[in-house]
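Every chain is numbered from 1 and lettered A, B, ... according to where its sequence line falls, protein lines coming before strand lines. Only this structure's heavy atoms are used, side chains among them; waters, hydrogens and symmetry mates stay out.
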Protein chains: 2
Amino acid sequence: MTTLPAPREPLRRVAVVGGTHGNEMCGVHLARHWLKAPGELQRASFSAMPVLANPAATAACRRYMDRDLNRTFTLTFLRSEATPDDPYEVTRARELNQLLGPKGTDQAFDFILDLHNTTANTGVCIISESPYTVFNLHLCHYLQMQNPDLPCRFLEYETSQNETYSLESVSKNGIALEIGPQPQGVLRADLFSQMRALVMSILDFIELFNQGKAFPAFEMESYRKLGAVDFPRTSDGGLAGTVHPRLQDHDFEPLRPGDPIFRLFSGEDVLFEGDSVVYPVFVNEAAYYEKHVAFLKSEKIHISVPAMPGLSSSPTVAS
Amino acid sequence: MTTLPAPREPLRRVAVVGGTHGNEMCGVHLARHWLKAPGELQRASFSAMPVLANPAATAACRRYMDRDLNRTFTLTFLRSEATPDDPYEVTRARELNQLLGPKGTDQAFDFILDLHNTTANTGVCIISESPYTVFNLHLCHYLQMQNPDLPCRFLEYETSQNETYSLESVSKNGIALEIGPQPQGVLRADLFSQMRALVMSILDFIELFNQGKAFPAFEMESYRKLGAVDFPRTSDGGLAGTVHPRLQDHDFEPLRPGDPIFRLFSGEDVLFEGDSVVYPVFVNEAAYYEKHVAFLKSEKIHISVPAMPGLSSSPTVAS
């Protein structure tokens, strides 16, 4: 496990972002609501800034217009010279980098909370890119303690590229908050309320940290991304089957070698050929068909999280 | 209730259509599968023709490219002169009208079965435009008898315009088969298998009819569309709330005056103000946000369906 130390300064510059994918409706409508009525995002030591990340895709109710915005925050894109032919999301990534970054600099925001939905039955999932901070683990633990009946998993998402590319990689620290299942383009009241309450808890946690509270050590389960599994395909690249009923909706549950993972249109089953138990995540996520991902494989690991000491000097209260 | 008599000739020219909406994946993948392997669609007296209705939208995994294809089969569109600026779906509707129609002529197909999915929790629903045929009611009853554990509702869909506009209106008779819930862009194995089995049963029913079988009278429940209810809106047209948790997923269940229908982002509930019980359908369907429809209201009616006598002359067996 690779972790970074917790921040040693209060988090003053915090952004809560919706609509990074324009058809993931909880974040879209929370961001729109808070842009009009930002009072809920205020705490004593900071006021989180609401951001609607991809206005064009949100207006079109599509994930993106030209390319996936949440894969576009690489330094290569951010530092390349602008041209009139740039994809919409490349231009938008540069704008967001100016607003919330610049990435990798002292001027960058302290924390970005990026709100996502999935069609998969993930429940609540905190996604943190590796290397992630002890702060993010304490944040997840805080949510678990606040919501004992809610599965709230921590997923360590190792990027396959060398370079981070997500929106939250622009800030000094951040997470994606993923809640499912919700169809693209649909706003469910239950998930909307759940996400709203979790954002409130996350801001409360940041406030406690800013006020100098110390957080004791604890043990927790975490999930670490191992790789992706594509759908079965025909010779022309089309689907030859889909996720097996016994895997569908079973995100984060153990998948053993020999368990069925796909049912072919011919009626045959495809079995999992791994040599150890894995934990599937994002099972049958609509947006991942084009990425050739039927589900991600993860491993479940037990981690001992060190205590996070209180900030030495109490922060001043924001005016 | 307005019904038309049953056809008096065998149904020889039958089409099974998927991808009328390009992100409703059961029909898309069934049509693609049957285009390669049409054997399942053969019966003794006919061979149903598989059709992928909107190839461009299917390739883009969108409902449509320029306008909703399933609202485009009016005589106004079909008979208007083609121009280079025509929306893609207008051009495609004319092509399908040539293939399966022309609408309103003796040359038109005998029956179109159009396959749809919804994000709403409808279960299985047969949609038949008014005036519908006694044949369609017997077909629905046959499916109910074949699948006693499956809710299989009949929805009489009165078009708000004077003119019919759906794909199946091109043929002499037809239905839409709607199955939900399934997110747009996702293929669930359970719903795929269910739709495939229902199509097989529908073709079996047509075969029995073609072979001269008589069907006795029966009683059944039907649902008749009354109108639509929009989401609560802000002054700028955005959403002010969404479907109430007590209505979400409760398609075809009674909604009484005073029951909650929406939860506003402010936390308040909006109650149903009708003066009698209605039966909501297509509750929180993703594609209907842009149509300003949060759900359809329907009434539940008890109908006595007359017997459908056997065709007088046995059909010849197709070679």
Write out the donor-acceptor pairs between chain B and chain A under 3.5 angstrom, atom names and distance to 0.1.
{"residue": "B/L187", "atom": "N", "partner": "A/Y289", "partner atom": "OH", "Å": "2.8"}
{"residue": "B/L187", "atom": "O", "partner": "A/T242", "partner atom": "OG1", "Å": "2.7"}
{"residue": "B/L187", "atom": "O", "partner": "A/N284", "partner atom": "ND2", "Å": "3.0"}
{"residue": "B/R188", "atom": "NH1", "partner": "A/D249", "partner atom": "OD1", "Å": "3.2"}
{"residue": "B/R188", "atom": "NH1", "partner": "A/D249", "partner atom": "OD2", "Å": "3.2"}
{"residue": "B/R188", "atom": "NH2", "partner": "A/D249", "partner atom": "OD2", "Å": "2.9"}
{"residue": "B/R196", "atom": "NH1", "partner": "A/F265", "partner atom": "O", "Å": "2.8"}
{"residue": "B/R196", "atom": "NH2", "partner": "A/F265", "partner atom": "O", "Å": "3.1"}
{"residue": "B/T242", "atom": "OG1", "partner": "A/L187", "partner atom": "O", "Å": "2.7"}
{"residue": "B/D249", "atom": "OD1", "partner": "A/R188", "partner atom": "NH1", "Å": "3.2"}
{"residue": "B/D249", "atom": "OD2", "partner": "A/R188", "partner atom": "NH1", "Å": "3.2"}
{"residue": "B/D249", "atom": "OD2", "partner": "A/R188", "partner atom": "NH2", "Å": "2.9"}
{"residue": "B/F265", "atom": "O", "partner": "A/R196", "partner atom": "NH1", "Å": "2.8"}
{"residue": "B/F265", "atom": "O", "partner": "A/R196", "partner atom": "NH2", "Å": "3.1"}
{"residue": "B/N284", "atom": "ND2", "partner": "A/L187", "partner atom": "O", "Å": "3.0"}
{"residue": "B/Y289", "atom": "OH", "partner": "A/L187", "partner atom": "N", "Å": "2.8"}

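Every residue was checked against the side chain to side chain contact (heavy atoms under 4.5 Å, CB included) condition with A/A197, not counting sequence neighbours, and none meets it.
The CG atom of B/L239 sits 9.5 Å away from atom CZ of A/F192, with the distance rounded to the nearest 0.5 Å.
Counting heavy-atom pairs closer than 4.5 Å to chain B, the top residue among A/A37, A/G238, A/A189, A/P245 is A/A189.
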